[in-house]
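Beneath this line is the structure, given in structure tokens, with notes to follow.
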Amino acid sequence: HSDDSIMTASGDAHGIEEGPASMSSLAVRMQKKLAGKLASNKRLSKKVLPDRASALFESLHALLRDCMEKEQADKMAKYALKLALKVGVLSSNGLLDGEKEQERLVKIKNHCHALSLAVCSFATVSYSYERDFLLPLCSSLRDELAPIVDYQLSDKSSARLAYFFDTLCTPAVMDELFRPSHDTLMKRFAADIDALIESQYL
């Protein structure tokens, strides 16, 4: 590409255009870059995220580290945070205001809420865990997130989304998360989910 080309919000290269639209596109690109950097710096991300959201990502990270290899757990936690921050950038800049996007966001919120309630229930009620209930919810959430990530973000973001769900949504990993040996961290994670539900973030 020539020196006077930039990346648009959707990640495609085009020549620089004058006017508010091009400046808005550049601003969104910069915000997405910043979101990616924040996800790689735990100390900075804690200053940007609401306290309850920050606590949720921390407890998720701790739970994953208890259930899988450190490198894989770190990657999973970082990818989840990057995706959440970047989708937040899209939403705050009005890039998800279309009718289809709004319908998809409602479905995403509903899937997140149902999944969150299920995790909280399975974490607090002994012997209630049902893998066959959780896996379809995770799959539905991924199906609704994928078009937004694929269209609005980069190929790297799409790959991160695929990696996160491909790793999480397997019987072996899901069963491991709910083993009694991880009970303390799972209950902490569930408590942070519950706090977000109460504050209407979820």
Side-chain angles (χ1 to χ4, degrees), residues 7-12 20-21 23-39 45-46 48-61 64 76-122 133-169 174 189-190 192-202:
M7 296 293 286
T8 65
S10 61
D12 299 322
M23 292 303 295
S24 176
S25 175
L26 181 59
V28 171
R29 183 191 171 201
M30 291 174 67
Q31 288 175 45
K32 288 191 292 183
K33 283 277 190 183
L34 179 60
K37 297 293 184 183
L38 286 172
S45 64
K46 287 179 69 174
V48 173
L49 288 171
D51 289 343
R52 289 180 177 179
S54 179
L56 178 69
F57 281 106
E58 282 194 11
S59 59
L60 171 63
H61 194 181
L64 292 172
M76 289 273 287
K78 183 168 72 172
Y79 285 4
L81 182 54
K82 277 192 175 188
L83 288 165
L85 289 171
K86 288 188 177 185
V87 171
V89 168
L90 296 177
S91 181
S92 65
N93 282 278
L95 295 176
L96 302 179
D97 287 349
E99 185 176 346
K100 287 185 178 179
E101 288 82 1
Q102 285 298 305
E103 289 177 0
R104 185 160 280 125
L105 285 176
V106 169
K107 290 181 180 179
I108 289 171
K109 185 174 182 179
N110 289 340
H111 288 317
C112 276
H113 191 72
L115 184 59
S116 297
L117 291 177
V119 169
C120 288
S121 175
F122 295 159
F133 184 78
L134 286 179
L135 288 178
L137 280 175
C138 288
S139 180
S140 296
L141 178 58
R142 175 186 185 165
D143 289 345
E144 296 301 334
L145 279 169
I148 289 175
V149 174
D150 291 346
Y151 180 71
Q152 298 276 15
L153 299 176
S154 66
D155 290 343
K156 282 186 177 181
S157 292
S158 295
R160 290 184 189 112
L161 182 73
Y163 179 86
F164 182 85
F165 279 97
D166 285 345
T167 303
L168 180 68
C169 298
M174 197 64 72
F189 179 53
D192 288 331
I193 290 175
D194 193 52
L196 277 182
I197 292 174
E198 287 184 3
S199 61
Q200 298 186 333
Y201 279 106
L202 281 174

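Judged purely by atom type and a 3.5 angstrom limit, Arg52 uses its side chain to pair as donor or acceptor with the backbone of Ala195. Not a single donor-acceptor pair under 3.5 Å links the side chain of Asp194 to the backbone N or O of Ala190. Between the Ser140 side chain and the Pro136 main chain, a donor and an acceptor come within less than 3.5 Å of each other. In this structure, Gln102 contributes its side chain and Leu96 its backbone to a donor-acceptor pair below 3.5 Å. At distances below 3.5 Å, at least one donor-acceptor pair connects side-chain atoms of Thr167 with backbone N or O atoms of Tyr163. Here the side chain of Gln152 pairs a donor or acceptor atom with the backbone of Leu95 at under 3.5 angstrom.
Across all non-hydrogen atoms, the minimal contact from Leu161 to Ala146 is CD2-CA, 3.6 Å. Smallest separation of non-hydrogen atoms from Gly94 and Asp97: CA-OD2, 3.2 Å. Across Ser116 and Ile197, no two heavy atoms sit closer than the pair CB-CD1, 4.0 Å. Among all heavy-atom pairs drawn from Arg104 and Glu144, the shortest one is CD-O, 2.8 Å. Ala53 and Leu196 make their closest contact through N-CD2, 3.8 Å (heavy atoms, listed as atom of the first residue, atom of the second, distance).
Here the straight-line distance linking atom NZ of Lys86 with atom CZ of Arg160 works out to 5.0 Å at 0.5 Å rounding. Considering CG of Leu56 and CZ of Phe189, their distance stands at 5.0 Å, rounded to 0.5 Å. Between atom CG of residue Leu115 and atom CD1 of residue Ile193 there is a gap of 7.5 Å, rounded to the nearest 0.5 Å. Rounded to the nearest 0.5 angstrom, Lys107 NZ and Leu141 CG are separated by 13.0 Å. To the nearest 0.5 angstrom, Met174 atom CE is 4.0 Å from Cys138 atom SG. Between atom OG of residue Ser157 and atom CG of residue Leu83 there is a gap of 6.0 Å, rounded to the nearest 0.5 Å.
With a 4.5 Å cut-off on side-chain heavy atoms, Leu64 and Leu60 count as touching. Contact annotation: the side chain of Cys169 approaches that of Phe165 to within less than 4.5 Å [non-hydrogen atoms, C-beta and beyond]. Two residues are said to be in side-chain contact when any heavy atoms from C-beta on lie closer than 4.5 Å; Val106 and Lys109 fail this criterion. Annotation: side chain of Asp155 is not in contact with side chain of Asp150 (no heavy-atom distance under 4.5 Å).
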Please lay out, stage by stage, how Phe57 and Asp192 fare under the test side chain to side chain contact (heavy atoms under 4.5 Å, CB included).
CA-CA 9 Å; Phe57 281 106; Asp192 288 331; over 6 Å; no

Let's go through Phe122 and Leu134 carefully: what are the C-alpha distance in whole Å and the side-chain angles of both, what is the deciding distance for side chain to side chain contact (heavy atoms under 4.5 Å, CB included) to 0.1 Å, and is it a yes or a no?
CA-CA 10 Å; Phe122 295 159; Leu134 286 179; 3.6 Å; yes

Walk me through whether Ser158 and Leu153 qualify under side chain to side chain contact (heavy atoms under 4.5 Å, CB included).
CA-CA 7 Å; Ser158 295; Leu153 299 176; over 6 Å; no

Please test Ile108 against Cys112 for side chain to side chain contact (heavy atoms under 4.5 Å, CB included), starting from the C-alpha separation and ending with a verdict.
CA-CA 6 Å; Ile108 289 171; Cys112 276; 4.3 Å; yes

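Under 4.0 Å is where a charged nitrogen must lie from a carboxylate oxygen, and between Arg142 and Asp166 at least one such pair does.
Heavy atoms from other residues, nucleotides or ligands lying under 6.0 Å from CZ of Phe133 number 12 at most.
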